[in-house]
Each structure stands twice: as structure tokens, then as C-alpha cells.
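Here's the structure we're looking at; comments come further down.
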Amino acid sequence: MTRAAQGTRRAMGALWLVLLLMTSTAQAFTDADALKVVGFARTQLRKTATAMPNTSRSPKASRADGTWSTVANTDAVAWTQGFFPGSMWHLFQAGLEPSWQQKADQWTRPLEGQKTNRQTHDLGFKLFTSYGAAYRLTGDPYYRGVLLTAAESLATRYNSRIGIIDCCDWNSAWDVPLVTDTMMNLELLLWAAANGGRAELRTMALNHALTTLRDAVRPDGSSFHYVDYNAATGAIRSKGTFQGYSTNSTWARGHAWLIYGYTMVYRYTGDARMLAAARKVTDWYLDHVPADMVPKWDFDAPGTQKDSSAAAAVASALLELSTLETDAARKVRYRDAALRTLDTLVSPAYFAQGTNSPGLLLHGVGHLPANQEIDVSLIYGDYYFLEAVLRFNPNPPYPWYSKVAFFESQHLLGATNTGVRTVEFDVTPLAFPQDGTVGYADSSTSVTGYSSLNLTVRMNLDGYFDVRNGGAYASLVRVPYVSGQTYHVRLVADLPAQRYSVWVRPPGGSEVQIANRYVFRTGAPSINDLGRVSVRTVIADSDFRVTGHTVRPGGATAAGEADEVAALSVASPEGIEGGATAIGGADEVAVLSMASPVGVEGEGVGPVLTEPTDDAALLEQLADFERWGPVSENPAPGDVDEVAVANAARRVANEAMPEGFGCGAAGALPLPLLLLALRSWRQRRRKQH
């Protein structure tokens, strides 16, 4: 065979390998699984936060009775306090709900005293999982200051002779030890060096990583857990696996720290040696992990006890490594392994849903040789599991469930949604009837009630959608809602003009405009951006859900700016009351019949408002009507006395619907949309004659 033919054959073989790996990529773990994990995490973490007596302690491992063991947040040697607030920061990332930000912050701030702790190498575990996430997600300089101070505290443990961070002082049998766990804590140093700290911090971290690679990673890619050095000479005194099975075994979670750590250091430094190290320890792991992708607590230990926390950390690391990897075949292999791991962890064999565990994952192992935390849920395993899910999809389409409390109902959209914006989402009522709203406010507004919301779409107690217009709710067309059905809502907000239009598309139907250039809420705070959305119910939590919420620049504003009852073009969607035909601009009677529940008498005949027989009837007829401006004091002969009707409506509204009644309350019921249509119709008739 010629050299050219051999080269072609090798190239084809490499291509075939890539294609084979690509086609074998795991597809079992999906967005639906991510939603399952995030949803369950919300439930578990909320229960945990509620059960904790105060913020002075944080959970660590599950007990048989379904509660957590805890550790004091002031404990200088303990290493797990950051994972509970860190997990809540993950949930804030997933839904951008201020309520999760508040909960995360409540358990983050008690850790501030750790920033001057010089007794441990675990400041990264404690503070980067908590304060690091807080700063990344909020940009608050308070968090940054704590991290920079903590990095300097960690740097005091750097031994320049050996080139490592001395891990700990509590074991008198060691002189100057390193443990593989420290690879995780290097991120605090690397981040600080890149965010205003000393450049030397980066050098310390890189030196530690290189020394660990030289002395703790075996030639075949397996690993020791610890290496102890002579303080005077720097010579190695001993190696072993302190939390593993034997001196020469490979402790699963200690090896996971290496996979995660070298991947992270490569992300910060771009040093090719770190990528090579990550590959070396990862390839050994993948060659030895069981088919279900969850390792035994120690690869060389007898028995079958697994450690889900090690698998979770590796899954998270592999998802990042697959994005940093430059080799196509490795990239596919690493992502495939991560997804297969997540697929196992979300299965009933490991996922804690349906059990009495307060955590997310079952079958974690803390310290088996010490007979501590064996076959339990571990807060750090849960943290890395949730992190892995968010690395799989950083913005999972988690449903927003309605809340009774305004603070709990909010989601942050940022301060960049200015000018004209198009908002779209799906809404599913889960009970009937609803008194539920999706409302918007400025990013700087603290939403404490309906008066804070400038734009609001509602499912009302009467069973249809309406929209806030100035001082009250109204709808051009009644689109009923049915429990369990999903409706698509499109909203175009013109922030400079302070007006918005809304369309609803029923299941299997066509889009229907229910609001045209409605005015932002009367008396609401000033608004420069669509920065917050409130998904709020009056009756009970989770009455309805919102999914697929998006905001994008631009969007055609509704036509008919000069005439608020412009001709509509509706294609008779199923389930809409009133209108059944397309409406042309000249078909004013059809417009009126769809714009008002009152109806009209005869095509081409002047419409007549049904005369109310009592106050209750008047309220019923005017329930949907929107506010309009001053009416004529000189009605034409034969026309409806608009002023009298308006005054009567306002009088009854003031008596029957005081401010604060439900989500549709108004101090004064506005002039009905039908009267506006009547005026428009009358003016056009006069022009014709």
C-alpha cells in the first residue's frame, strides 16, 4: 500500500471514528429532564430553607428521618457551608426570581467571617460557591470585596518552597500536605487575580496544579488523594488516599476533584499543560467507571457502594471540558459521558424524588473509612448535580408558576428591554376560574402590589382574558380560557408612547387582538424598561403557569393609532365569544358586536345600549369597558345620552368596587368601549350625510 493510500485510510478511519462518536452521543437526558431536576430542586431547597431554624447553620448530609445534619457557618475547618446558598444561587440563575436571590443571600452573608479564615484550604468551597455565584449573578461589589479578601487569606497557606497550598493543620501526622480537593479551591485565587487581585495569586494556583499533576497523578492517570512533603527539604514524605480504600487505590471523589479542577484551571489560564492533565485524569476515569457512569466510592474498594456526589461533580466538569476541548473526538466523548451520567442520576435509582430524603441525589458517600455519611444525600453532591444540569442548559425553560405573594411572583428581565419590545409566552390555567395576572414593571421598581405594574394581562373570574388599560381592565374581544389548555400571548409594548397591544392565540385557533394601544396603568411608577415580570394569582399558589417567556427588540405596534376601535381582522378562532367573521374597516356593526358584550340591533341600524334595570345589571354590562376621554356634553338628537350613562357607571363603580378589590378593582369604572365605538360610528354617519 502506498503512503498516500495509507494516509487516506488513516484519515478515513479518523473521520469514521468521529462520526461513530457523534452518532453515539447520548440523547436520553433532555430539557424535560432538566426541568424535572430544577423543579424538584425548588421544592427541596424551599423546604430546607423553611425547616432551618435560622441562617447560622447550613445543611450537610441527609439523616434517616428525612432531615439534614448541619454545620455551623462559623466553623473554620468544615468545608461544606457554601453549597446550600450556592444551590439557591443556581435556582436564581434558572428563574431570575428575586425570592431565590433573597434566600441565597440570607445564607451567603453569614459566611462573610470566613474571608479572614487562614486555617483551611477550603475557602473556595465555602466562598466561591456562595459569594462567587452571588457576584457573577448580581455584580454587587460587596460580594467582590469578600472574595478578594478571602483569596489573600488562602494565599497565606502557599508554601513557596514546595509550590503548593498547604491543605490543613488538623492532621498532626502530616507536615506540609496537599490533597486533590485543593484543586477546586484554586478558582478563588485565579478569579481574584483576574478581578483586581495580585497577579501572584495566579502563579500560586498554577504552581499548585503542576505540583499536584507531578506528584498526585500516577503515570496511568489514576490518582492519590494526598501527598505529604517535608517542610525543610520539600521531599515527599508519603502518599495515600486519606478518604479512600487503601494507599494505592483511587478515591472516586478525590479523582473527580482533579477532573473538575484541571478543567477549571485550563479555562482560566489557557495553559496547554492543564488541558493535557484534564485529559489524562478524565480518560482514566472514563476507562474505569461502570456502565451506569456512577463510580464506586473508591475504584479499588470491594463491594458495590456507589458515590453519586463524585458522579455529579464529574458530569459538571465533563460538560465544561467538552466545550473547551480542541479535539473533535474527545469533545464528543466527554459530552456523551456527561449526558449518560446525568441520565443515570435523574433515574429512580439515584434521584430522590418520591423518597423521604431532603436532598436531590441518593447514594452519596462522605467519608467511608471514618464511617461517616454513607449512602446518603449530600449537599455538595446536589450542588454539582444542579450545576451540571445548568451547564447542560444554562437557561432551562423552567415554568413560572403563579404566586399569591407579590415578592414571590417576580422574575427579573434586566434593564436592557427599552424602546419598543415584543413579549411572547404561553400561559396555562391549572384551575378554573382564575384571578391571575402577568404584569410588567421597570427594573428599578419594587413590586409590592398591582399599582406597581404598568402593563398587565389577566385571566379574570368571568372566564376570559382582559388587559389593563389606564384605570381599569378591558378587552376588544372576549377570548375564554379553559383549565388545562395552553394559550399563546403576544404583547407589543411601546415604552416611549406608554402604550401596548396584546394578542391571544387559543389552542388550535388563530391569533386574536384583545388590546389595541392600551394605556399603561394609571398611577403606576415611571417605566423605562421591561425589567420585571410578576406572575401573580389572587386565589392559590400555582393556579397557572407561564412557559417560553421571551422578550425581543422591536415589534409592529397595533394599527389604528388614531382610532382605538380600528377594524380588526379575526379568523374566527375556536372558542371566541361574539365574533365569527372577518371584520373590515367599513363593517362597523360587526366591529361593535365584537367590541361589546351588549350586542347591536340589526345590521345598518344605529346601535342602542341596553338600558340597565338596576345597578348590578349596569356593572355586568360595563365589566369589560375601558377608560376613554371626555365625552360630548351636547349629544345629537336620538343618540344615547353618553354623559348620563358614564356618570351612572362611575357612581355605581365607586359604591361597589373600591380600590383594592381583587386584581381588577378601580376607584371609578371608566366609560365603556361601546360608547367610544358609538361616537366613532356617529361621526362617520354624519360625514356620510
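Residue indices begin at 1 and follow the sequence shown.
- Side chain of Ser309 to backbone of Gly364: no donor-acceptor contact under 3.5 angstrom is found.
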Show your working on side chain to side chain contact (heavy atoms under 4.5 Å, CB included) between His208 and Met204 and close with a plain yes or no.
CA-CA 6 Å; His208 180 99; Met204 293 177 187; over 6 Å; no
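- Thr149 places a side-chain N or O within 3.5 Å of a backbone atom of Gly145 that can act as its donor or acceptor partner.
- For Tyr398 and Trp100, the gap between ring centers reaches or exceeds 6.0 Å.
- Lys296 places a side-chain N or O within donor-acceptor distance of the main-chain N or O of Ala301, the cut-off being under 3.5 Å.
- The aromatic rings of Phe299 and His255 sit perpendicular to each other, their planes meeting at more than 60°, with 30° as the lower class boundary.
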What verdict does the ring pair (Phe, Tyr, Trp, His ring centres under 6.0 Å) test give for Phe83 and His90, after you've listed the backbone C-alpha separation in whole Å, the side-chain angles of each residue and the deciding distance to 0.1 Å?
CA-CA 10 Å; Phe83 294 107; His90 284 329; 9.8 Å; no
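- For the 3.5 Å distance criterion, the side chains of Arg335 and Ser322 fail to qualify, holding no donor opposite an acceptor.
- Taking every heavy atom of both residues into account, Ala173 and Arg237 meet most closely at O-NH1, 3.3 Å.
- Between the side chains of Asn159 and Asp166, no donor N or O sits under 3.5 Å from an acceptor N or O.
- Under the 3.5 Å distance criterion, the side-chain polar atoms of Asp336 are left unmatched by any main-chain donor or acceptor of Val332.
- Using a 4.5 Å heavy-atom cutoff, the side chains of Met52 and Thr48 are in contact.
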Between Thr323 and Arg391, does the side chain to side chain contact (heavy atoms under 4.5 Å, CB included) criterion hold? Intermediate values first, please.
CA-CA 10 Å; Thr323 66; Arg391 282 181 167 177; over 6 Å; no
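- A salt bridge links Lys115 with Glu112: the closest approach of a Lys/Arg side-chain nitrogen to an acidic carboxylate oxygen falls below 4.0 angstrom.
- Between Arg273 and Asp271 there is a salt bridge, with a side-chain nitrogen of the basic residue lying less than 4.0 Å from a carboxylate oxygen of the acidic one.
- Asn73 places no side-chain N or O within donor-acceptor distance of the main-chain N or O of Leu111, the cut-off being under 3.5 Å.
- Between Asp169 and Arg157, at least one side-chain nitrogen of the basic residue sits less than 4.0 Å from a carboxylate oxygen of the acidic one, meeting the salt-bridge criterion.
- Of the inter-residue distances, the one linking Gln119 atom CD with Gln114 atom CD reads 9.0 Å to the nearest 0.5 angstrom.
- Between the side chain of Arg202 and the backbone N or O of Tyr268 there is no donor-acceptor pair closer than 3.5 Å.
- Shown here for Lys36 and Phe351, the closest heavy-atom pair between the two residues is CE-CE2, 3.7 Å.
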Step by step, would you call Val217 with Trp284 a side chain to side chain contact (heavy atoms under 4.5 Å, CB included)?
CA-CA 11 Å; Val217 178; Trp284 185 90; over 6 Å; no
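- The closest donor-acceptor contact from the side chain of Asn393 to the backbone of Asp31 lies at 3.5 Å or more, if one exists at all.
- Minimum heavy-atom separation, Thr70 to Arg63: N-NH2, 4.4 Å.
- Applying the side-chain contact (heavy atoms from CB on, under 4.5 Å) test between His225 and each of Thr250, Thr247, Leu258, Thr241 identifies Thr241 as the sole match.
- Remark: Ala104 engages Met88, Trp89 in a side chain to side chain contact (heavy atoms under 4.5 Å, CB included) (not counting sequence neighbours).
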Check the pair Asp122 / Val77 against side chain to side chain contact (heavy atoms under 4.5 Å, CB included), numbers first and verdict last.
CA-CA 8 Å; Asp122 283 325; Val77 178; over 6 Å; no
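- Side-chain contact check for Ser246 and Asn248: no donor-acceptor pair (N or O, by modelled atom type) lies under 3.5 Å.
- Pairing each heavy atom of Val71 with each of Thr80, the nearest pair is CG1-OG1, 3.7 Å.
- Side-chain contact between Leu91 and Lys103: absent, with no pair of heavy atoms (C-beta onward) separated by less than 4.5 Å.
- From Gln101, atom CD reaches atom OG1 of Thr108 across 10.0 Å, with rounding to the nearest 0.5 Å.
- Distance alone, capped at 3.5 Å, is enough to place a donor-acceptor pair between the Ser69 side chain and the Ala61 backbone.
- Residues Ala313 and Trp257 come closest through the heavy atom pair CB-CZ3, 4.1 Å.
- Between the CG atom in Leu189 and the CG atom in Leu206 there is a gap of 11.5 Å [rounded to 0.5 Å].
- Side chains of Leu178 and Tyr229 form a contact here, defined as non-hydrogen atoms less than 4.5 Å apart.
- The aromatic ring centroids of Tyr226 and Trp174 lie less than 6.0 Å from each other.
- Using a 4.5 Å heavy-atom cutoff, the side chains of Leu339 and Leu319 are in contact.
- Ring centers of Tyr384 and Tyr260: under 6.0 Å apart, within the cut-off.
- Counting heavy atoms of neighbouring residues, nucleotides and ligands inside a 6.0 Å radius, atom CG of Asn371 does not exceed 12 of them.
- Residue Thr182 forms a side-chain contact (heavy atoms from CB on, under 4.5 Å) with just one option from Cys168, Cys167, Pro177, and that option is Cys167.
- Taking the six-membered ring where the residue is Trp, Trp79 and Tyr380 present tilted rings, their angle falling between 30° and 60°.
- At least one test fails for Arg340 against the ring of Phe29: distance under 6.0 Å to the centre or angle within 45° of the axis.
- Asp298 places no side-chain N or O within 3.5 Å of a backbone atom of Gly244 that could act as its donor or acceptor partner.
- With a 4.5 Å cut-off on side-chain heavy atoms, Leu286 and Leu318 count as touching.
- Side-chain contact between Lys60 and Gln81 is absent, with no heavy-atom pair separated by less than 4.5 Å.
- For the pair Phe392/Asp33, no side-chain contact is recorded, criterion being any heavy-atom separation below 4.5 Å from C-beta on.
- In this model, no donor atom of one side chain and acceptor atom of the other lie less than 3.5 Å apart for Glu320 and Thr263.
- The salt bridge (charged side-chain N to carboxylate O under 4.0 Å, His left out) test with Glu325 is passed by exactly one of Lys331, Arg333, Arg279: Arg279.
- Sorted by first and then second residue, the side-chain hydrogen bond (donor to acceptor under 3.5 Å, both in side chains) pairs involving residues 128-138 (not counting sequence neighbours) are Gln93-Arg136, Tyr131-Tyr142.
- The OH atom of Tyr245 lies 9.0 Å from the CG atom of Asp300; values are rounded to the nearest 0.5 Å.
- With sequence neighbours left out, the side chain to side chain donor-acceptor pair (under 3.5 Å) criterion links Tyr143 to Asp105.
- Here the straight-line distance linking atom CG of Asn117 with atom OG1 of Thr74 works out to 10.5 Å at 0.5 Å rounding.
- Side-chain contact between Phe224 and Thr212 is absent, with no heavy atoms from C-beta onward closer than 4.5 Å.
- The CG atom of Leu342 sits 11.0 Å away from the OG atom of Ser347 when rounded to the nearest 0.5 Å.
- Shortest non-hydrogen contact noted between Leu386 and Val37 is CD1-CG1, 4.2 Å.
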